[in-house]
Amino acid sequence: MSTETLFRRIADYASRADPYPLYAELREHGAVRQDDGSYLVGTYDEIAALLHDPRISSDRRRRTVPDALGPGQDDVPPAFIGLDDPEHDRLRRLAMRPFGPPHSPGRVDALRGEITRIAGELADGFADGKRIDVVDDFAYPLPVTVICRLLGVPSEDEPRFRTWSDSIVAGFDATPDEDPEQRLRSATEARRAMALYLGELAESRRGHPTGDMLSALVNDEGPEGSLNPIELMTTSVLLLIAGHETTVNLITNGVLTLLRHPDALARLRDDPALMPQAVEELLRYEPPVQMLPQRTPLADIEVSGVTIPQGAPLILVLASGNRDPLRFAEPDRFDITRPDNQHLGFGSGIHSCFGAPLARLETQIALTTLLPRLGDLRLVEDPPPYRTNQVLRGPRHLLVEAAG
Amino acid sequence: MPAEPRSDGRIVIVGASLAGLRAAETLRDEGFRGELTLVGEEPHPPYDRPPLTKQVLLGRVRADDVGLPRRRAVEAHWKLGVRASGLDPDGKKVLLANGEHLPFDRLLIATGTRARPWPDADAARLDGVFTVRTRDDASRLAERFDAGPRRVLVIGAGFTGSEIASVCRERGIEVTVAERGPAPLVGALGGALGTFAARLQRAHGVDLRCGVTVTALKGDGGRLTGAEFSDGSRIDADVAVIALGAVRNTEWLADSGLAAGPRGVACDAGCRAFDMYGIVTDDIFVAGDVARFPHPLFEYQMLSLEHWGNAVAQAEVAAHNMISAGPHRRPHLAVPVFWSSQFGLNIKSVGVPTFSDQVVLAQGSPEEGRLVAVYGYRGRVTAAVSVNRAKWLEHYRRMIETAAPFPPGPGAADGPEPAAPVPSDVPDPKVLSHGPTVALTGHLPDRRLTLVRPGG
Ligand SMILES: Cc1cc2nc3c(=O)[nH]c(=O)nc-3n(C[C@H](O)[C@H](O)[C@H](O)COP(=O)(O)OP(=O)(O)OC[C@H]3O[C@@H](n4cnc5c(N)ncnc54)[C@H](O)[C@@H]3O)c2cc1C
Ligand code: HEM
């Protein structure tokens with residue numbers, strides 16, 4: 001089949017459960033042009049090089065070739081994930097002040113106890129002998145509760161976020177054939193509603209800090225000042241969405257992958273100290289962020305002998321780079337003790353995942369909590385039903401029941 | 001026929017610091033089962049030097065808390081607090097200062113460097129005169145800083161001197177920096193960034209004096225009181241830190257027949273030492289600051305680096321090659337990387353900035369305090385230096401490895417208005433007070449280069 005339609009084939013829902021053969025086809029060809037003028041790259045070295053190339057923009061407003069997501073959506077400017085240096089750098093550092101080193105080095109680690117407690121409570125809620133949906137009963141509530149606590153969002157408002165978040169993420173879902181207008185309109189509305197809510201919440205903390213990140217972001221003044229009200233809104237929306245939509249898939253993929261690989265599960269149960277390595281391997285083998293769809297070259301750039309023109313949509317398929325045999329020996333093997341595992345699961349370069357330490361900690365604790373039970377469970381359906389989204393890919397439900 | 005593994009026998013490592021430790025760990029990791037001995041002149045187990053002129057002098061970390069993290073157990077005999085005084089290559093023995101002889105099958109030389117002392121030995125003994133190479137040095141100087149000196153004089157504005165000046169300002173201590181060259185850091189980074197560094201130091205209240213030398217350190221009753229400069233001026237100071245660069249610890253090899261001299265011990269890309277005729281040995285290896293090795297990316301010139309990352313990478317290659325035969329050996333080709341933190345900035349370089357004729361600003365700007373400068377030699381990229389922009393260096397490392405054309409094309413998202421490259425103005429080391437932390441020392445492995453004696 002033509003490589004010009006590769007992206008459409010990847011986006012096709014029928015490929016969701018196993019896109020990896022299509023990624024292998026992508027790697028055969030290096031960089032491939034799609035019939036809509038966008039480009040896909042799926043080999044490890046090329047992706048890593050592009051992620052460090054200062055001529056590759058993350059700002060979709062710099063595209064000259066329209067993409068499936070339509071023109072830059074609305075009046076709200078992008079959050080720092082969609083900006084370039086120096087703006088990106090300034091905002092990321094301001095957001096980092098209450099979250100990580102050098103200013104708040106202990107922030108994430110201090111959550112360990114609370115994450116363990118929440119995970120324990122959720123797991124205790126699994127009724128004996130009944131079917132469990134790993135997504136709804138465990139993998140979704142855990143990171144959502146944690147990110148809400150961290151930011152300072154009251155838990156009674158959490159359901160509103162789920163609705164907003166669902167619409168926003170559907171907006172990234174760059175399925176090319178479908179008419180995206182309606183989807184984009186509701187994404188824009190949801191983003192605006194969430195931004196207003198978070199902006200008001202943060203305002204109410206001005207002068208009355210309550211120890212959470214929103215309070216710190218409105219009240220703390222660093223040497224470089226602080227976020228203005230619009231930046232505060234876009235940044236907190238970004239943190240909430242990122243905290244909502246990614247870790248859930250890593251935890252779910254973890255359960256699914258371990259149930260599919262009983263040898264790895266047995267090894268982990270014997271030696272839970274292998275968990276951090278196992279989580280890294282999961283990030284390589286089943287990464288929740290399959291691709292980065294919003295890069296644009298600011299000059300003509302040559303990749304694997306193909307010239308990608310300035311302004312063209314450029315899609316970096318991280319999940320394909322993670323299975324590149326030129327970088328990883330036996331890439332399709334799930335090996336929890338894989339040495340030298342520098343996967344692309346958290347991206348790389350200046351936009352590399354801001355929340356990685358938190359995501360790692362949550363997933364390590366979540367899977368460690370479930371370990372003692374996993375041996376007695378089996379998958380009800382394999383493959384499970386997936387979400388439609390091919391960028392943030394993961395099961396919509398993961399039903400498991402007692403093995404009998 | 002597959003090469004015979006060399007995982008038995010006796011290995012001696014002389015120099016029990018960063019390179020020595022990482023080599024020992026790699027040997028065990030890769031299956032060496034024989035007898036392993038580490039000899040170190042310092043009484044302490046291996047520790048990390050970069051924090052000495054940063055966190056330790058700032059008083060944030062104690063000098064005895066900088067031990068190097070262990071990657072694994074090494075099961076070795078540690079002979080600490082004893083100096084190797086000679087090498088008998090025929091009898092394959094290391095001679096120790098305590099009279100002991102250590103026989104070996106394979107030897108790793110990792111004796112690093114020491115601080116170049118103040119040339120006037122009497123003045124160097126004055127109370128208040130310091131160098132910083134070891135944790136004991138740093139601990140004594142930190143104590144002196146705690147006591148609140150009235151003025152510190154730093155002689156030499158290379159990385160070490162500049163970091164010490166930065167610590168002084170951060171602690172609110174008055175500091176004068178004397179540098180014979182035209183600006184701080186020029187020996188490592190060339191003229192353009194030297195100018196930036198000079199402005200930075202002055203903006204932080206450093207009394208920076210370039211183009212002068214310190215002609216005398218003055219004392220009274222055994223205590224330092226001040227210094228005189230070549231321009232006739234003088235200052236009062238109760239502490240002087242000598243930061244004139246490093247001297248390679250090769251004296252113990254003087255009669256060994258190896259190509260060892262003031263510029264280090266010459267070795268091939270596989271870390272095997274050369275003898276004085278330029279013939280490669282097969283059982284003596286070199287790694288870390290003491291090594292002088294050819295690098296293909298820099299026209300096979302011999303390089304001497306004083307870089308933490310190089311010590312680690314080279315130690316790993318040396319260890320691997322010590323226990324692998326022929327076709328299984330690996331070359332040490334890593335692109336040099338160096339970092340420094342001073343005056344609130346993180347400065348990092350890849351490649352060899354002194355191997356250049358031109359430099360261009362590629363990203364950011366000096367005004368922002370964030371930038372990437374790219375260096376080229378005869379039309380290809382040979383180095384890049386970032387200020388608070390380290391995450392981009394990976395890109396330039398690739399350009400160096402692929403000999404990408406210089407200057408790099410436009411299009412960086414945070415690129416300045418396109419500007420023409422300017423000369424990189426790398427001075428002759430002779431005109432500097434601080435020794436360069438990278439030295440290109442020509443092509444010949446057997447040349448016992450004469451010492452360039454700067455400053456003073
Ligand atoms: C203050 C300071 C700050 C630094 N900051 C940075 C930085 O920011 N970034 C960076 O990249 N690099 C930095 N460096 C350089 C880095 O620390 C060195 O590259 C590294 O220590 C080299 O390791 P090595 O093992 O080769 O040599 P060394 O660390 O010099 O160790 C050699 C050891 O051998 C011992 N020895 C010498 N002669 C004998 C003998 N005859 N017998 C027995 N033992 C002997 C010595 O006592 C010493 O312990 C800094 C260095 C210093 C001193
Ligand atoms: C397993 C879970 C997660 C995965 C797989 C993941 C993956 C990624 C990836 C691949 C990127 C790079 C995006 C790009 O280059 O365009 C990224 C960026 C980002 N992530 Fe995550 N993420 C996870 C969890 C989190 C969490 C919990 C948070 C919030 C606390 C978070 C916050 C962010 C932010 C703010 C960015 C933008 C960084 C920037 O642009 O500088 N992520 N993430």
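Chain letters run A, B, ... following the sequence lines, proteins first and then strands; every chain starts at 1.
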Query raised in the report: Quick one: do B:E316 and B:R22 make a salt bridge, cutoff under 4.0 Å?
Result: no

Query - Mutual orientation of the aromatic rings belonging to B:F298 and B:H295 [parallel < 30°, tilted 30-60°, perpendicular > 60°] - result: perpendicular

Query - Side-chain H-bond candidate by donor/acceptor type, A:D59 with A:S57, under 3.5 Å - result: no

Query raised in the report: What about A:F328 and A:Y44, are their ring centers closer than 6.0 Å?
Result: yes

**Report entry** Lys/Arg-Asp/Glu bridge criterion (N-O < 4.0 Å) met for B:R397, B:E401
**Finding:** yes

Requested in this report: Against chain A, work out which of B:A413, B:G364, B:A390 has the most heavy-atom pairs shorter than 4.5 Å and name it.
Outcome: B:A413

Requested in this report: For each of B:R370, B:E394, B:E368, tally heavy-atom pairs with chain A at distances under 4.5 Å, and name the one with the top tally.
Outcome: B:R370

Query raised in the report: Does any heavy atom of chain A fall under 4.5 Å from the side chain of B:P410, the backbone, both, or neither of them?
Result: backbone

**Report entry** Max heavy-atom pair count under 4.5 Å with chain B, selected residue of A:L298, A:D89, A:D53, A:D84
**Finding:** A:D53

**Report entry** chain B contact via A:R93 - which portion, at a heavy-atom distance below 4.5 Å
**Finding:** side chain

